[in-house]
Amino acid sequence: MKLIVERLVKQFDDFSFEASFQADIGSFITLLGPSGGGKTTALQLISGLIPPDSGHIHFGDIELSRLEPWKRDIGFVFQDYALFPHMSVEENVAYGLQQRQGARQKKEEITDRVSQMLTLVGLEGFEKRKPETLSGGERQRVALARAIAPDPRLLLFDEPLSALDAPLRSRLREEIRELQKKLGITTIYVTHDRDEALSMSDLIVIMNEGRVIEQGAPRTLYRKPATLFTARFLGEGSTITREGKKSFFRPENATLLLEPEDSALRGKMKSLRYLGGRALATIILADKTEISAMVPEQRIDDFEEHKGKPVWVRIDKETLIRVS
Ligand SMILES: Nc1ncnc2c1ncn2[C@@H]1O[C@H](COP(=O)(O)OP(=O)(O)OP(=O)(O)O)[C@@H](O)[C@H]1O
């Protein structure tokens with residue numbers, strides 16, 4: 001069973017969007033790309049907030065794009081939480097249930113479901129609190145509980161963690177991913193943060209300028225990107241020309257040497273930037289190309305006083321990537 005986004009098209013005055021991608025039902029899909037790439041537009045089209053000019057969205061046997069937005073069974077979590085300020089935590093979570101399931105839903109059933117959801121996101125005891133008394137992370141947990149309470153078929157996240165500090169962001173990443181796995185909800189997650197995309201996803205869809213550049217599993221896209229855009233977006237790297245073709249390599253696949261070696265590239269050390277546990281060396285080759293190589297902690301001493309001096313760089317051949 002697949003989620004298939006098929007040639008979804010939307011034309012704004014000066015922005016054209018066209019995207020196709022597909023993934024297994026139950027998987028965690030991340031739309032990754034720079035600002036203005038069309039990620040939010042993709043979510044809005046999928047949820048039905050804006051109508052597409054053409055295209056289809058299939059969820060298994062169901063054609064979502066034929067359904068009215070409120071019949072699509074979609075949960076949404078935004079960056080700014082979008083909680084109702086005058087409602088308590090439990091009222092916020094219950095709101096989604098009452099909307100979806102109609103007023104006939106028994107009161108006790110709603111109460112049970114709300115407390116089950118709050119337990120799931122680690123917020124027992126917060127039932128009566130108002131959003132203004134909560135931290136950013138707690139608010140985002142409420143938003144998550146509200147989104148999953150009606151048991152949606154699809155969960156959409158739009159940069160949910162970008163307002164939070166780094167340690168909290170990384171904790172919530174793990175929590176969201178674990179919860180998603182446990183519940184098996186098909187999820188589409190929008191971010192411009194590559195670490196987030198690499199650490200959370202089953203599938204990453206790279207978007208730029210309203211188009212899908214490529215899609216793949218995190219490690220495949222990182223190690224074997226088809227395009228220079230994806231290669232650069234997913235991490236550090238350098239481009240060299242070999243036999244007239246552009247080749248890309250990651251700094252961790254390049255070894256810095258003090259002595260010449262067969263097929264190692266000769267250059268001059270430009271800088272060495274310490275990153276904690278390792279350092280990133282920048283080397284200028286004879287043709288003025290700048291490349292970078294990772295130096296492990298135990299070898300940093302060898303190169304620390306080496307600025308401006310000759311060095312050699314050995315690149316693992318099998319890690320060189322042909323890119324277009
Ligand atoms: N309703 C609209 N009318 C006109 N243009 C729009 C509309 N919605 C989005 N756009 C344009 O579409 C482009 C893509 O915007 P979108 O928000 O989808 O990008 P994004 O990848 O989510 O970026 P960000 O990370 O900054 O949110 C932008 O140039 C935006 O101005």
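Remember, it's 1-based here, ligands and their atoms both numbered in the order they're listed. Position 1 is the first residue of the sequence; numbering continues from there.
- Residue Thr40 has at least one heavy-atom neighbour below 4.0 Å for each of these atoms of ligand 1: 17 (O), 18 (O), 20 (P), 22 (O), 27 (O).
- Side-chain contact, Thr239 with Arg232: a donor N or O sits under 3.5 Å from an acceptor N or O.
- No side-chain donor-acceptor contact under 3.5 Å links Thr191 and Asp193.
- Between the side chains of Glu63 and Ser65, at least one donor N or O lies within less than 3.5 Å of an accepting N or O.
- Atom 10 (N) of ligand 1 lies below 4.0 Å from at least one non-hydrogen atom of the protein.
- Contacts with ligand 1 closer than 4.0 Å are made by backbone heavy atoms (N, CA, C, O) of Pro34 only, the side chain lying farther away.
- Contacts between Met207 and ligand 1, counted as non-hydrogen atom pairs separated by less than 4.0 Å, are absent for every part of the residue.
- Polar contact check, Gln44 against ligand 1: no nitrogen or oxygen pair lies under 3.5 Å apart.
- For the pair Arg146 and Phe84, the cation-pi test (distance below 6.0 Å, angle within 45°) is passed.
- With hydrogens left out, the protein atom closest to atom 23 (O) of ligand 1 is Gly36 N, 2.7 Å, a heavy atom.
- Polar contact check, Gly38 against ligand 1: a nitrogen or oxygen pair lies under 3.5 Å apart.
- Using a 3.5 Å distance cut-off with no hydrogens or angles, the side chains of Tyr189 and Gln180 do not pair a donor with an acceptor.
- At the top of the distance list for atom 25 (O) of ligand 1, counting protein heavy atoms only, stands Lys39 NZ, 3.1 Å.
- Between Thr41 and ligand 1, an N or O atom pair is found at a separation short of 3.5 Å.
- The pair Glu297-Arg278 does not count as a salt bridge, with every side-chain nitrogen at least 4.0 angstrom from each carboxylate oxygen.
- By the definition of a contact as any protein heavy atom under 4.0 Å away, atom 14 (C) of ligand 1 is in contact.
- In this structure, a donor-acceptor pair under 3.5 Å is present between the side chains of Glu214 and Thr230.
- Protein heavy atom in closest approach to atom 26 (O) of ligand 1: Ser35 OG, 2.6 Å.
- Ranking the protein heavy atoms by distance from atom 12 (O) of ligand 1 puts Phe15 CD2, 3.1 Å first.
- Look at Arg171 and Asp165 and you find no salt bridge, because none of the NZ, NE, NH1 or NH2 atoms lies under 4.0 Å from a carboxylate O.
- Each of the atoms 25 (O) of ligand 1 lies under 4.0 Å from some heavy atom of Glu159.
- Annotation: Phe12 places no N or O atom under 3.5 Å from an N or O atom of ligand 1; distance criterion only.
- Between His192 and ligand 1, a contact under 3.5 Å exists for no N or O pair.
- Taking a cutoff of 4.0 Å between a charged side-chain nitrogen and a carboxylate oxygen, Glu236 and Arg273 qualify as a salt bridge.
- His58 and His56 have parallel rings, their planes meeting at less than 30° on a 0 to 90° scale where 60° marks the start of perpendicular.
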